[in-house]
2 protein chains.
Amino acid sequence: MRASQFYISTLKEAPSDAEIVSHKLMMRAGFIKKLSAGIYNYMPMGLRVIRKIENIIREEMNRAGSVELSMPIVQPAELWQETGRFEKMGDELLRFKDRHQRDFVMQPTSEEVITDIVRQDVRSYRQLPKSLYQIQTKFRDERRPRFGIMRGREFTMKDAYSFHASFEDLKREYQNMFSAYSRIFERLGLEFRAVSADTGAIGGTGSHEFHVIAETGEDAIAYCPDSDFAANVELAEALPPALSRPAPTEALTRIATPGVKTIAQLAEFLKIAETRTVKAIVVEGDDGAPVLLLVRGDHELNEIKAAKLEGVFSPLRFASPASIRAAFGAEPGSLGPVGFNGRIYMDRSVAVMADFVIGANETDQHFTGANIGRDFPEPLVADIRNAVAGDPSPDGKGLLAICRGIEVGHIFQLRTRYSEAMGCKFIGEDGKEQIMEMGCYGVGVTRIMGAAIEQNFDDKGIIWPTAIAPFQLVICPMGWSRSEVVRDSATRLYEELVQAGFDVILDDRDERPGVMFADWELIGVPHRVVIGDRGLKEGMIEYQGRRDPEATKVSTADALDFVRTRILG
Amino acid sequence: MRASQFYISTLKEAPSDAEIVSHKLMMRAGFIKKLSAGIYNYMPMGLRVIRKIENIIREEMNRAGSVELSMPIVQPAELWQETGRFEKMGDELLRFKDRHQRDFVMQPTSEEVITDIVRQDVRSYRQLPKSLYQIQTKFRDERRPRFGIMRGREFTMKDAYSFHASFEDLKREYQNMFSAYSRIFERLGLEFRAVSADTGAIGGTGSHEFHVIAETGEDAIAYCPDSDFAANVELAEALPPALSRPAPTEALTRIATPGVKTIAQLAEFLKIAETRTVKAIVVEGDDGAPVLLLVRGDHELNEIKAAKLEGVFSPLRFASPASIRAAFGAEPGSLGPVGFNGRIYMDRSVAVMADFVIGANETDQHFTGANIGRDFPEPLVADIRNAVAGDPSPDGKGLLAICRGIEVGHIFQLRTRYSEAMGCKFIGEDGKEQIMEMGCYGVGVTRIMGAAIEQNFDDKGIIWPTAIAPFQLVICPMGWSRSEVVRDSATRLYEELVQAGFDVILDDRDERPGVMFADWELIGVPHRVVIGDRGLKEGMIEYQGRRDPEATKVSTADALDFVRTRILG
């Protein structure tokens, strides 16, 4: 491609509504252009990245034996009513009427339609399994679209669905998809992690998220650097400490802690570590009575785990200030187990503590030297906190570390949730009718573009992995209109590289070097060759990788081989 | 691809709502599956065809210097209000509200959005011209969707838009796109014709339609087999006959024609050719008074041409029976010019007639021996009929023929219709602000699939052009599970062909030969190889092209070369 024949439109400043790095850089580099809230034009530069991502996904899905089809964006409400999602889903599901006042939705996913297809076409176990996918536009009417294409309304997803005669076969395909997803993210050139996940709203059991690792990621992931273990922090088990509880050495002592409302303030006030304090949190029980939860001062309550405790209302509801005052006689900030005669749970880490500090159930009063069993009855013990760095890995293979990630893929064992509701059945080998087992497997195509940038940028702009860069290499001739020898040399190298199958852009716009370099660094093309009169006189051109601190001089004779080697990495 | 790993679903019978051949065959062959009226799933077999069509279009658009981008399906009403289309377009434009009650449309085309993009990015004549295209899902809420994907609601279109500093440059790009479209349809392997077209509802001046020729086409096209001339029959000029009017030889004679209402009945009643009769049609004039139009009995009035006549109301309105009775004193079926003293136009073909038959302005009465000038004053002469086969070609290069076509592409010179309404301006070389000239260029991607079938089928099924066949070749092994030698031989040829870059399907489903052949003939794979024990014993396999009356025996040693030659054509 010659730059003069392409559509390049870079901006000095990102628009003010761009909050995160990837959004800002994509706007500035001309990859996307906003049309409406959460709705973006994919400009030529951005579309090249999307097509490359799509192709890698397509190749690996095909390799994994999945077959591509395409389901309509506009889908009739009837199918969505069969599964109840037409009524149950929130306003994210865009519903509208056609000219004949019939109800339709714009697909956010396509479980209903694919299940309708398979229930029409498949009758016998001999036709199973089936694995089908599409790469298609989706629409989710987010209440507050933000972060550019990371949480947009119209976006592209690869969604795959599999149908099986048995749970065992579903599990086999789930593994197959797990491997395919790993290959996809490897080929995309992204650092990623497969993470055990809650199943979320889509339903079913057994699920992994695939995260692109980035400091700016919205999800915290607990992983073990020494093993494959990785889980959303909210789902990672915090194992019981290997210690046992020391014997008490201090007496229970009431102290005044005026104005102390938080653990940080308490530790600061007492000049002790937060690890010596215990946090008391009051939630609603099944019967409406308050339930007291105790976690170590430096830990965070895990609401998902807590909601699963016996006697605790699910989803978790924090007790109202009024009910707290009624049950404890004190304000939040000074609560504790001493004298409370309701149900109490303590985290495993609290269970091995002695001589700790805790609220005294009187506003602005705490106890020091508190001890379990002695000062209040032994509470029930449970894992109710978020895992933290340094915790033992639940797989017993080392210590946990925490990183942040951006969810770009998700695989589910749906089991029979949709197939049962929609009567997607087959005749088994035994001649009896059975419900099909289903899996579903999604990848956010346009989201990957954002996540890749969050993982790969510097103060100059984007740094694309070569596999999904809009162009693999840019040739920057110095003085395009002025120097025939530069023009000839640049054109020759360009043609040789194109001939060799590389995706190269020749910047023939005749811009000043500063403008040219700034553009291509912002756009993030990973390899650059600069060709100028001075270098050519010595028979040299300059190569610089986007992450290289300096350019490398290469003789014109070696240029093709050198560049080829660098691109193929 | 191995058939066992693909998704094949053929039907014995087409569903009863399938009206036309392509719809029936696509449903039966498992290319599409209906989801709702005018909304179809593209099944794996159909999607392969669509992707091949898309790729040919993409390659030729890129070659022509157009740059791909992608504009959202969901577009905000504001832009559509700027051009007035939000209000003016009928119910085909699907309008809906998002969760915040803001108005949106689903794009049927994207003139507004592309103009919005270009007016943001382009400031100077130096940045012009721009040519951009997308291959994207469109939605038109047809009142009565029919003919499968030929007139569906959700469909795929390639829409391109170009922006220019001058009308001259727009005309240059229009020619460039004309050539690109010709290359596209040539590469698709379809018989097509570029046809001068009315500009239709989209507006602007200068336009060509690209039609795939098929007997079942909805449009009649007048073309000259000896030249490039082709026009929609409604737009082709009917030249004046080369003859001059003969002198009258008969007297004007009133005859009774009881019950005769049509030209066919009149000719039958009088035992004369329809060419000896003249049809009288009454339309409304600008002033509401009736205007009489005369065309030869065997010709058809062309309403577009007639509406352009001076004094005739546009769009054409036929006079009411009441106003006809008031002006002529007779019922339609017996009308004529004799005694009528309003405005009269006659077609050029009527102007050279003598001694003809025409209505006598008395119900069930006609005149024979009618003559212009003698029996009624010379009417105004104009071209007001449809061209017919045998007419001289307007380009003077031969005689016209008529064929039927399916419109699959359309190119327009939009000029400034959208750019003016939306303020899409640039600073010209003279420093003054100017409105951009625009062109737009559409191809119906999914419609091409239907049109290709309408052009290429027989009683067994579809006959795909190799370029867009779902597979180029199918290998049918006889007794897949039974014969190891067949399996080995089929697999070897399959692997060699795949290695050589061909798109081959190996039918390893172990079906009976009859089922296998019927499936692949229905699906329309253009090349077939049959491998069986008996042939292999003689060292032979059988090749048959989808249009070949018989199979050809080919030695196994020559098989690869033979097949390669046939596929490459």
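Within every chain, numbering begins at 1; the chains are lettered A, B, ... in the order of the sequence lines, protein sequences first and strands thereafter.
- No side-chain donor-acceptor contact under 3.5 Å links A:Glu68 to the backbone of B:Pro44.
- Under the 6.0 Å distance and 45° angle rule, B:Lys130 counts as a cation-pi partner of A:Tyr7.
- Interface check for chain B: of the options A:Phe139, A:Tyr42, A:Phe104, the most heavy-atom pairs under 4.5 Å are formed by A:Tyr42.
- Between A:Leu35 and B:Ile117 the shortest side-chain heavy-atom distance does not fall below 4.5 Å.
- Residue B:Met106 touches chain A through its side chain alone, counting heavy-atom pairs closer than 4.5 Å.
- For the residue pair A:Pro72 and B:Tyr40, the shortest heavy atom distance occurs at CG-O, 3.2 Å.
- Among the candidates A:Leu69, A:Ile50, A:Asn62, the residue making the largest number of heavy-atom pairs closer than 4.5 Å to chain B is A:Leu69.
- Of the atoms belonging to A:Arg143, heavy atoms from both backbone and side chain fall under 4.5 Å from chain B.
- In terms of heavy-atom pairs under 4.5 Å with chain B, the best-connected choice from A:Asp98, A:Val74, A:Thr137, A:Leu94 is A:Val74.
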Exercise. Hey, mind stepping through A:Glu92 and B:Arg99 against salt bridge (Lys or Arg N to Asp or Glu O under 4.0 Å) and telling me if it holds?
Worked result: CA-CA 8 Å; A:Glu92 284 75 30; B:Arg99 64 189 292 163; 3.2 Å; yes
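- Between B:Gln5 and A:Val67, the shortest heavy-atom distance links the atoms O-CG2, 3.2 Å.
- Neither the backbone nor the side chain of A:Leu11 comes within less than 4.5 Å of any heavy atom in chain B.
- Residue B:Arg51 touches chain A through its side chain alone, counting heavy-atom pairs closer than 4.5 Å.
- Inter-residue side-chain proximity for B:Ile114 and A:Asn41 is flagged as unmet; no heavy-atom pair is nearer than 4.5 Å.
- Using a 4.5 Å cut-off between heavy atoms, B:Ser70 touches chain A through backbone and side chain atoms alike.
- Contacts between A:Met45 and chain B at a heavy-atom distance below 4.5 Å are absent for every atom of the residue.
- For A:Gln75, the parts sitting under 4.5 Å from any heavy atom of chain B are the backbone and the side chain alike.
- Proximity of A:Asp116 to B:Lys33: side-chain heavy atoms (C-beta onward) are nowhere separated by under 4.5 Å.
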